[in-house]
Amino acid sequence: MREAKGKGDGQENAPNFIHDLVREDVRTGKHGGVVVTRFPPEPNGYLHIGHAKSICLNFTTAALSDQGRCHLRFDDTNPEAEDVEYVESIRQDVRWLGFDWGSHEYFASDYFERLYQCAVDLIRRGLAYVDSQSLAEIRERRGDFYRPGVNSPFRDRSVEENLDLFARMRAGEFDEGAHVLRAKIDMASKDVNLRDPLMYRIRKVTHHRTGDDWCIYPMYDYAHPMSDAFEGVTHSICTLEFAHHNPLYQWFVSHFEFDPVPRQYEFARLNLTYTVMSKRLLKRLVEEGHVGGWDDPRMPTIAGMRRRGYTPSAIRRFAERIGVSRRDSLVDVGLLEHALREDLNATSPRTMAVLRPLKLVIENLPEEEEIELVAPYSPDDPSFGSRRLYLTRELFIEQEDFMEEPMKKWFRLAPGREVRLRYGALVTCNEVIKDGSGSIVELRCTWDPESKGGNAPDGRKVRGTIHWVSAKHAVDAEVRLYDRLFNEENPLDESHEGDFTRRINPASLEIVRGAKLEPSLAGRGPGERVQLERLGYFVVDPDSTPDRPVYNRTIQLKDSWAKLAGKG
RNA sequence: UCGGGGAUCGUCUAACGGUAGGACUCGAGAUUCUGGUUCUCGCUAUCUAGGUUCGAAUCCUAGUCCCCGAGCCA
């Protein structure tokens with residue numbers, strides 16, 4: 001696969017405070033100049049473009065040092081929400097984006113025994129205790145933003161009793177909710193996360209990897225920093241909502257002799273216009289049938305974008321261009337689309353297809369004649385090669401490319417007007433045939449045989465060039481035209497009426513069944529990308545078969561005519 | 001009523017006491033067998049009010065607004 005070269009893709013000095021800071025650490029030789037990062041998804045859903053930003057950041061940050069590496073770690077500490085189904089999809093998505101974690105694939109669940117032993121160690125040192133309050137009591141005694149918490153009556157249990165209780169929790173002697181293990185920090189802390197946070201809870205649930213080996217499971221706040229430390233992570237990068245956990249993160253890792261001691265850094269998560277990014281909301285779109293699934297081409301999931309025809313390098317370049325900072329932002333999806341077009345423009349072969357066919361008959365071309373033409377796949381790069389087209393008496397052109405009463409600045413076909421059939425010939429429209437109801441069904445034209453191939457023989461100016469296919473050679477196809485999923489920049493804006501699903505764009509998918517493809521488009525397999533000239537970039541959908549090709553519109557070309565026409 | 005984070009063109013993001021720059025968008029033009037691409041030019045910003053300084057987006061003071069935080073979720 002060709003890649004757009006030149007501007008971007010790792011070469012630019014992208015704005016990124018994490019990179020700045022890590023470069024400084026490398027320069028000063030911190031951790032021996034080595035940088036270890038990790039991408040830590042919970043296997044409970046599909047990855048989306050927001051995760052892509054994080055993946056790019058983690059991998060490119062690690063690449064800042066020669067011996068740097070980025071781990072893929074599944075944060076699977078909550079068996080109730082997680083499933084192996086997601087593990088493979090996550091691997092596939094990260095790989096597809098172009099990143100390689102080598103042998104460094106880990107699961108928090110692989111650390112359960114070690115985490116348990118570390119917890120025992122904390123108990124021995126009087127830094128953790130078993131609390132036997134009910135959930136409601138714990139919540140009540142935690143206090144709130146304005147009032148400090150109150151110590152649990154179980155806070156001062158002896159080490160022996162704690163050890164015994166914790167062992168029996170593990171052994172399955174207690175019901176869910178009977179006890180929890182808590183870190184003994186400070187119930188009066190202004191930071192509610194430090195008010196004796198829970199480390200373990202009892203869950204008699206089968207884990208997707210450890211089965212029924214465990215009935216106590218560590219909490220994120222404990223498992224995450226420890227996992228980072230076990231793996232030798234140096235820079236633990238996460239989104240801003242975890243900033244409050246940083247003191248706790250440090251508390252845990254500082255109580256053991258880790259080298260290096262990992263440190264957490266936070267950045268602002270990605271928000272994009274005209275979509276939603278939360279797993280919960282995306283799940284609703286799927287479950288309520290607003291879209292066809294997690295890989296629906298309208299979804300901002302990696303799987304959806306892949307099916308839509310996005311390229312990994314466009315996503316990477318986008319991630320790099322938007323930069324990394326600590327401010328909340330809502331990135332214009334136009335930035336993503338620009339990166340996409342930039343890549344597709346450089347890599348897609350040009351072909352022709354007609355979405356809404358209008359028959360055009362060349363009266364001075366005999367029925368049996370087939371004029372063979374060679375058309376390049378790229379207007380400016382011969383290495384793309386070429387394919388054959390056939391000019392015949394009956395052709396299809398786009399309904400939109402004919403206007404019976406042309407408005408001003410109309411360059412396309414109209415009665416008495418001459419246009420160029422792309423790589424074909426110059427044709428002039430003589431007559432418009434209509435059916436009983438007055439709709440145009442056919443155009444009668446003549447062609448200038450001197451213009452074969454599309455060149456004006458005498459250098460005469462022909463402003464309009466339109467796409468076409470030979471009726472005899474055309475292949476029928478289904479084409480799915482996708483547009484943005486929501487009508488509003490921010491579907492979650494509270495000033496709107498009702499639920500966010502009310503902002504779904506009813507025209508986000510239009511299925512065109514009678515599209516006519518040029519022959520070269522028929523044999524292409526799922527994932528192949530092309531430009532349909534003047535229409536946009538398209539990709540073959542997995543639903544496609546040799547007899548029944550299905551193309552998805554990835555994105556339209558920029559259209560300055562639409563802009564002009566729109567202004568009246 | 002608490003704690004933490006953050007405010008720079010329409011959008012994203014630089015400038016770290018010394019010319020507010022880049023990308024996207026938008027506008028004008030050139031080129032063009034895609035009203036595409038490419039090229040040229042242009043418009044648009046430091047949250048507010050004070051202060052320090054020869055000089056402030058940057059430092060100080062006081063405000064304002066936004067985001068996050070009280071799961072046995074991550």
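In what follows, chains carry the letters A, B, and so on, assigned in the order in which the sequence lines appear, proteins first and then strands, with residues in each chain numbered from 1.
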Remember a base hit wins even if backbone is also touched, and classify A:S134 as base, sugar-phosphate or nothing at under 4.0 Å, heavy atoms.
base
Report which part of the nucleic acid A:F242 touches: base, sugar-phosphate, or nothing (heavy-atom distance under 4.0 Å, all strands).
base
What is the distance, rounded to the nearest whole Å, between atom [atom1] of [X] and atom [atom2] of [N]?
X      : N     : atom1 : atom2 : answer
A:L198 : B:A74 : CG    : C1'   : 15 Å
A:R195 : B:G69 : CZ    : P     : 16 Å
A:Q264 : B:G4  : CD    : P     : 17 Å
A:F145 : B:G71 : CZ    : P     : 8 Å
A:L240 : B:A7  : CG    : C1'   : 13 Å
A:E137 : B:A70 : CD    : C1'   : 17 Å

Just jot down the side-chain hydrogen bond (donor to acceptor under 3.5 Å, both in side chains) partners of A:H244, sequence neighbours excluded, or say none.
none
Which residues satisfy the side-chain hydrogen bond (donor to acceptor under 3.5 Å, both in side chains) test with A:H467, sequence neighbours excluded?
A:E398, A:R534
Give me, pair by pair, the N or O atoms of the protein and of nucleotides 27-29 of chain B that are less than 3.5 Å apart, along with how far apart they are.
residue : atom : partner : partner atom : Å
B:G27   : OP1  : A:K567  : NZ           : 3.4

Secondary-structure string, 5' to 3', Watson-Crick or G-U under 3.5 Å, | for another-strand partners, for RNA chain B
.((((((..((((....[..)))).(((((.......)))))....(((((..]....))))))))))).....
Residues that [X] engages under salt bridge (Lys or Arg N to Asp or Glu O under 4.0 Å), provided they are two or more places apart:
X      : answer
A:D144 : A:R147
A:E231 : A:R73
A:R387 : A:E518

Does the distance from a Lys or Arg side-chain N to an Asp or Glu carboxylate O, for A:R209 and A:E82, drop under 4.0 Å?
no
Out of B:G3, B:C72, B:G69, whichever nucleotide has its closest atom nearest the side chain of A:K190:
B:G3
Choosing from B:A74, B:G35, B:G69, which nucleotide comes nearest the side chain of A:N193?
B:G69
If the sugar-phosphate is the primed atoms plus P, OP1 and OP2 and the base is the rest, what is the B/S/- string for nucleotides 10-17 of chain B, using protein heavy atoms under 4.0 Å?
-SSBS---
Please verify the inter-ring angle class for A:Y116 with A:F166; under 30° counts as parallel, over 60° as perpendicular, anything in between as tilted.
parallel
Does A:F107 have any ring-ring contact (aromatic ring centres under 6.0 Å, His included) partners at least two apart in sequence or in another chain, and if so, which?
A:F74
If the condition is ring-ring contact (aromatic ring centres under 6.0 Å, His included), which residues does A:Y111 pass it with, not counting sequence neighbours?
A:F230
Does [X] place a side-chain N or O at less than 4.0 Å from the phosphate oxygens OP1/OP2 of [N]?
X      : N     : result
A:S560 : B:G36 : yes
A:H244 : B:G69 : no
A:R201 : B:A74 : yes

Exam field: side chain A:T273 to backbone A:V333, donor-acceptor pair closer than 3.5 Å
yes
Dump every N/O contact between nucleotides 41-46 of chain B and the protein below 3.5 Å, one line per pair.
none

With sequence neighbours left out, the residues meeting side-chain contact (heavy atoms from CB on, under 4.5 Å) with A:L122 are A:R125, A:L127, A:A128, A:M199, A:Y222, A:F252, A:H255, A:F256
